[in-house]
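Just the heavy atoms: all of them, side chains too, but no hydrogens, waters or symmetry mates, feed the values below.
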Amino acid sequence: MNNMPLSFFNTGEKGTVENILGGEKVSKRLYEMGFNKGTEVKVMKNDAGPIIVSLSGYKIALGRGLAQKIMINKQ
């Protein structure tokens with residue numbers, strides 16, 4: 001498996017959520033946003049500022065600290 005944090009992905013890359021590294025509050029917040037195990041994620045923008053991802057048809061902006069806690073299995 002090729003797991004790495006979401007913040008390491010380049011624009012256009014896809015993967016599936018494998019794990020959330022964080023406490024209960026972080027895990028709950030990301031779960032409520034749709035970052036559940038097995039969900040497909042596509043990076044729309046990853047340059048300066050927040051990372052924008054496409055998740056279940058929605059675009060979501062994440063800060064780099066939060067994106068660092070989302071482990072993705074690269075496709």
> Main chain of Pro50, side chain of Arg64: is a donor-acceptor contact present, judged purely on distance under 3.5 Å?
no
> Measure the spacing between CD of Glu18 and CD1 of Ile70 and express it to the nearest 0.5 Å.
13.0 Å
> Is Ile60 reachable from Ile52 through a run of I, L, V, M, F, W or Y residues, each pair having side-chain heavy atoms under 4.5 Å apart?
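They do not share one cluster, since no chain of ILVMFWY contacts under 4.5 Å joins Ile52 to Ile60.
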> Mind listing the side-chain donor-acceptor pairs of residues 23-43 below 3.5 Å, one per line with the distance, residues two or more places apart or on another chain?
{"from": "Ser27", "atom 1": "OG", "to": "Gly23", "atom 2": "O", "distance (Å)": "3.0"}
{"from": "Thr39", "atom 1": "OG1", "to": "Asn36", "atom 2": "O", "distance (Å)": "2.9"}

> Report whether Leu55 and Leu66 are members of the same hydrophobic cluster (ILVMFWY, side-chain heavy atoms less than 4.5 Å apart, transitive linking).
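Same cluster: Leu55 reaches Leu66 through Ile, Leu, Val, Met, Phe, Trp or Tyr contacts under 4.5 Å.
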> Return all side-chain donor-acceptor pairs below 3.5 angstrom for residues 5-16, not counting sequence neighbours, or 'none' if the list is empty.
{"from": "Ser7", "atom 1": "OG", "to": "Gln68", "atom 2": "OE1", "distance (Å)": "2.6"}
{"from": "Thr11", "atom 1": "OG1", "to": "Asn46", "atom 2": "N", "distance (Å)": "3.2"}
{"from": "Glu13", "atom 1": "OE1", "to": "Asn10", "atom 2": "N", "distance (Å)": "2.7"}
{"from": "Glu13", "atom 1": "OE2", "to": "Lys74", "atom 2": "NZ", "distance (Å)": "2.8"}

